[in-house]
Amino acid sequence: MDFAVMKAYLPRYWEALLLTLKIGWQGVLLALALGIACAVVVHLKIPVLRRIVGAYIALFRNTPLLVQLFFLYFALPKIGIRISAEVVGSLGLGLLGGAYMAETFRSGLENIAPIQTESAQSLGMNPVQVFGYVILPQAVTSSVPGLLANLIFLLKETSVFSTISLMDLMFTAKDLIGMYAKTIECLTLLVIFYLVMLLPVSILGSWLERRLRYAEFGN
Amino acid sequence: MPSLGIEVLFKGTNFLRLLGGLWVAVRISLISVAISIVLGIAVGMLMTAKRKLLKAVFRIYLEIVRIMPQMVLLFVVYFGTTRVFGWNLNAETAAILVFSFWGTTEMGDLVRGALQSIPAIQHESAQALGMNPLQVYVSVILPQTVRRIIPLSINLITRMVKTTSLVVMIGIVEVLKVAQQIIEANRRVAPNAAFGVFAVVFLLYFLICWPISRLAGYLEKRWS
Amino acid sequence: MENVLLSVRHLRKAFGEHAIFEDFNLDVHKGEVVVIIGPSGCGKSTLLRCLNGLEPIQGGEILLDGEKVLRDNTSITKMRQKIGMVFQSYELFPHKTILKNILLAPMKVQKRPRAEVEAEALKLLQKVGLADRKDDYPRQLSGGQKQRVAIVRALCMHPEILLLDEITAALDPEMVREVLDVVLSLARAGSTMVIVTHEMNFARAIADRILFIENGKVVEQSDNPKAFFAHPVTARARDFLKSFDYE
């Protein structure tokens with residue numbers, strides 16, 4: 001293995017990591033917002049809207065991100081909707097993630113026994129207060145393990161960004177291999193950089209999960 | 001209204017070619033799922049073992065698979081190992097290797113979870129009836145886990161199908177590649193074909209995965 | 001009759017085709033402790049849930065202070081503030097500390113100032129012997145302690161009437177006493193309560209009036225609990241009470 005070459009490549013990988021993180025972060029935020037909104041719509045059984053949300057969740061959970069990105073990036077311009085590659089990346093990740101987050105939050109909401117609602121109602125709370133003070137905080141906490149799993153899943157999925165010519169880690173590795181044929185060095189760096197990106201998230205996740213389980217409220 | 005290019009799919013054998021491309025990806029998924037289920041059951045049972053070393057090894061294996069994107073694994077195996085070991089690996093074999101490697105941990109984890117979710121008292125009450133460990137396993141524990149595992153392994157199929165779309169990246173001609181070829185070939189006559197063709201690919205994936213997810217969801221609800 | 005606080009008139013409650021109550025009537029007077037007993041499935045808990053509008057009713061009316069308990073959004077939250085309820089399974093909010101469990105509704109629903117409510121909460125916690133646990137989470141408490149907190153939480157809303165739904169049924173036997181002592185002291189202080197319970201000794205000690213219900217009907221009632229338990233009049237009540245001893 002040629003370490004000098006690896007060192008020379010470092011800046012390009014570093015840049016790619018930052019780009020991946022930037023798009024990934026935006027996508028995850030969008031996913032969280034979409035996920036909570038959709039879960040609430042489904043949970044409160046809001047008519048019409050709930051059908052639309054249901055269709056969205058089914059559609060995006062049952063198709064690959066790669067195909068979704070291709071559609072957003074190559075197909076939409078043909079009907080006059082042009083979006084930059086970076087936005088397509090965040091948007092695609094957000095739409096995919098939103099569908100997963102929605103399911104996670106929804107099951108979090110369902111896990112709360114109906115009698116908790118009744119107990120809050122008995123104290124004179126109105127539906128908004130019941131939801132805001134009693135149901136939502138518990139649902140969010142019980143969804144944390146699922147949310148972390150989604151987070152890692154989404155950050156991993158960013159590896160398909162290269163297909164819409166975003167210069168992410170995959171793109172950089174492929175590009176450098178194509179130019180200089182230093183396959184082993186490039187792939188080693190690729191693995192290292194994904195570890196750098198995801199290992200902390202994973203460790204933080206397990207730590208948080210353990211803590212939550214310890215602090216588990218449950219009666 | 002300008003044409004959206006779906007008509008190119010009705011020219012010649014274009015639609016059949018597209019389906020053929022889809023089958024390439026689905027075939028890789030099905031083979032990988034079959035391997036994953038068999039190996040995963042074994043791995044899952046081993047993961048419930050109490051041996052410290054065994055546990056540590058599986059822990060690391062799980063963690064690697066958990067945080068490495070399948071695409072990176074695909075590249076490492078297809079481009080990397082062929083370099084290091086100098087062997088000849090065709091792209092499809094590389095894909096099946098990677099997806100089975102991934103699927104086995106997923107399946108293993110499901111099996112482990114299902115086995116551990118059986119309360120210890122079930123073991124004890126079976127033992128109290130005078131059963132030996134093998135009898136306990138076969139006639140008490142396994143039947144209870146199977147119902148939990150079946151819906152989850154059906155779900156694994158859809159996840160596998162979605163993931164195998166990545167094989168386009170190591171040069172396998174699957175549905176996305178065929179789609180691009182069709183769009184390219186008709187660029188003059190149908191400049192908007194990208195819309196129609198990619199929309200159809202989108203839909204095709206949905207039509208495969210959705211019924212399978214529904215089935216898994218249905219079984220999960222029914223057997224829980 | 002005077003000073004009737006809660007009044008149930010011609011209540012009809014059914015789950016689909018299955019009627020629990022056809023024409024149920026009950027008056028609870030201010031300061032009165034009404035204890036309802038009866039076999040499981042006789043509708044005791046359902047009755048309590050109807051009283052604060054957790055269950056829709058199919059006929060008749062429920063009046064508190066002469067005002068109808070209706071299930072529409074604005075009026076029911078007002079009514080429920082006057083009707084405290086304690087559940088068998090405590091139902092504290094697991095994500096909030098003991099103190100915050102108690103403060104939540106008085107502050108958010110009744111908009112009372114924190115200082116005032118907190119002082120009251122601490123005084124009540126002191127009374128039930130749990131002042132030192134105010135910053136703990138519910139999971140850190142035993143069942144009996146949780147149930148005492150649930151009672152304090154209901155009391156802090158200054159309800160006019162308390163509904164207690166089998167509040168000791170989920171407790172270990174050695175914790176039943178500590179909870180019932182709290183309820184006894186409330187009764188002595190003049191609280192109005194409707195209690196559903198399986199603790200016959202407790203019922204005898206606390207009740208101003210005993211209602212024995214079966215199949216949605218009052219089979220026997222008595223203003224003299226000691227007499228009721230010693231010599232029930234109806235055969236049904238006799239059989240029911242017999243099922244509690246092993247002699």
Side-chain angles (χ1 to χ4, degrees), chain A residues 1 20 55 57-81 96 103 149 152-153 155-163 168-170 173-174 177 181-188 190-191 193-195 197-203 205-206, chain B residues 1-5 25 63-84 158-159 161-169 175-176 179-180 183 190-214 217:
Chain A
M1 217 177 321
T20 306
I57 293 174
L59 198 59
F60 279 82
R61 279 182 69 100
N62 286 296
T63 45
L65 178 61
L66 192 56
V67 175
Q68 294 164 14
L69 291 184
F70 266 52
F71 185 77
L72 292 175
Y73 191 66
F74 297 113
L76 285 188
K78 302 296 180 194
I79 56 166
I81 304 169
L96 173 82
E103 286 291 279
I152 291 174
F153 162 71
L155 288 176
K156 275 166 73 174
E157 287 283 302
T158 59
S159 61
V160 307
F161 284 168
S162 59
T163 54
D168 73 335
L169 289 169
M170 273 330 283
K174 236 178 5 183
I177 292 173
K182 296 276 182 198
T183 311
I184 305 300
E185 288 79 2
C186 287
L187 289 178
T188 308
L190 180 68
V191 169
F193 268 81
Y194 267 107
L195 280 178
M197 176 159 91
L198 288 166
L199 204 54
V201 182
S202 173
I203 292 171
S206 328
Chain B
M1 200 181 117
S3 136
L4 288 178
E63 195 64 11
I64 291 174
V65 176
R66 205 165 88 103
I67 64 177
M68 264 306 128
Q70 287 85 343
M71 188 113 110
V72 173
L73 295 176
L74 212 51
F75 266 53
V76 167
V77 170
Y78 186 58
F79 297 115
T81 62
T82 44
R83 274 250 150 168
V84 175
T158 69
R159 296 174 56 203
V161 169
K162 285 185 286 177
T163 313
T164 48
S165 63
L166 298 179
V167 297
V168 68
M169 301 296 294
V175 61
L176 276 173
Q180 281 176 323
I183 295 163
N192 289 337
F195 186 87
V197 174
F198 282 132
V200 168
V201 173
F202 201 131
L203 205 67
L204 284 175
Y205 264 105
F206 178 73
L207 288 178
I208 291 181
C209 294
W210 188 60
I212 305 177
S213 316
R214 285 294 293 259

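Just so it is clear: chains get the letters A, B, ... in the order the sequence lines come, proteins before strands, and each one is counted from 1. None of these values were measured; they are calculated from a predicted model.
If you measure heavy-atom distances from L199(A) to chain B, the contacts under 4.5 Å come from both the backbone and the side chain. Only the side chain of S206(A) comes within contact range of chain B, with at least one heavy atom under 4.5 Å from a heavy atom of that chain. For chain B, the nearby parts of L195(A) are the backbone and the side chain; heavy atoms of each come within less than 4.5 Å. Both the backbone and the side chain of L166(B) come within less than 4.5 Å of a heavy atom of chain A. Proximity to chain A (any heavy atom under 4.5 Å) is restricted, for V168(B), to the side chain, taken from C-beta onward. With a 4.5 angstrom heavy-atom cutoff, Q68(A) touches chain B via backbone and side-chain atoms both.
Counting heavy atoms from C-beta outward, F70(A) and V201(B) have side chains that stay 4.5 Å or more apart. At a threshold of 4.5 Å between non-hydrogen side-chain atoms, the residues M169(B) and S162(A) count as touching. In this structure the side chain of F206(B) reaches within 4.5 angstrom of the side chain of L59(A), judged on heavy atoms. By the 4.5 Å heavy-atom criterion applied to side chains, Q70(B) and K156(A) are counted as neighbours.
Contact record, P69(B) with L198(A): CD-CD1, 4.4 Å, taken as the closest heavy-atom pair. The minimum heavy-atom distance between M71(B) and V160(A), with the atom names listed, is CE-CA, 3.8 Å.
Options L176(B), V175(B), T158(B) differ in how many heavy-atom pairs under 4.5 Å they form with chain A, and the most are formed by L176(B). Between chain A and the options R214(B), Q180(B), K162(B), heavy-atom pairs under 4.5 Å are most frequent for K162(B). Between chain B and the options T163(A), L187(A), I184(A), heavy-atom pairs under 4.5 Å are most frequent for L187(A).
Here CG of L69(A) is found 10.0 Å from OG of S165(B). Values are rounded to the nearest 0.5 Å. With values rounded to the nearest 0.5 angstrom, I212(B) atom CD1 is found 9.0 Å from N62(A) atom CG.
Ring centroid separation for the pair F195(B) and F74(A) does not come in under the 6.0 Å cut-off.
For the 3.5 Å distance criterion, the side chains of S202(A) and R66(B) qualify, holding a donor opposite an acceptor.
No donor-acceptor pair under 3.5 Å is formed between the side chain of K78(A) and the backbone N or O of A193(B).
Applying the ring pair (Phe, Tyr, Trp, His ring centres under 6.0 Å) rule to F79(B) yields the partners F75(B); only residues at least two apart in sequence or on another chain are considered.
By the 30° and 60° cut-offs, the orientation of the rings of F202(B) relative to F60(A) is perpendicular.
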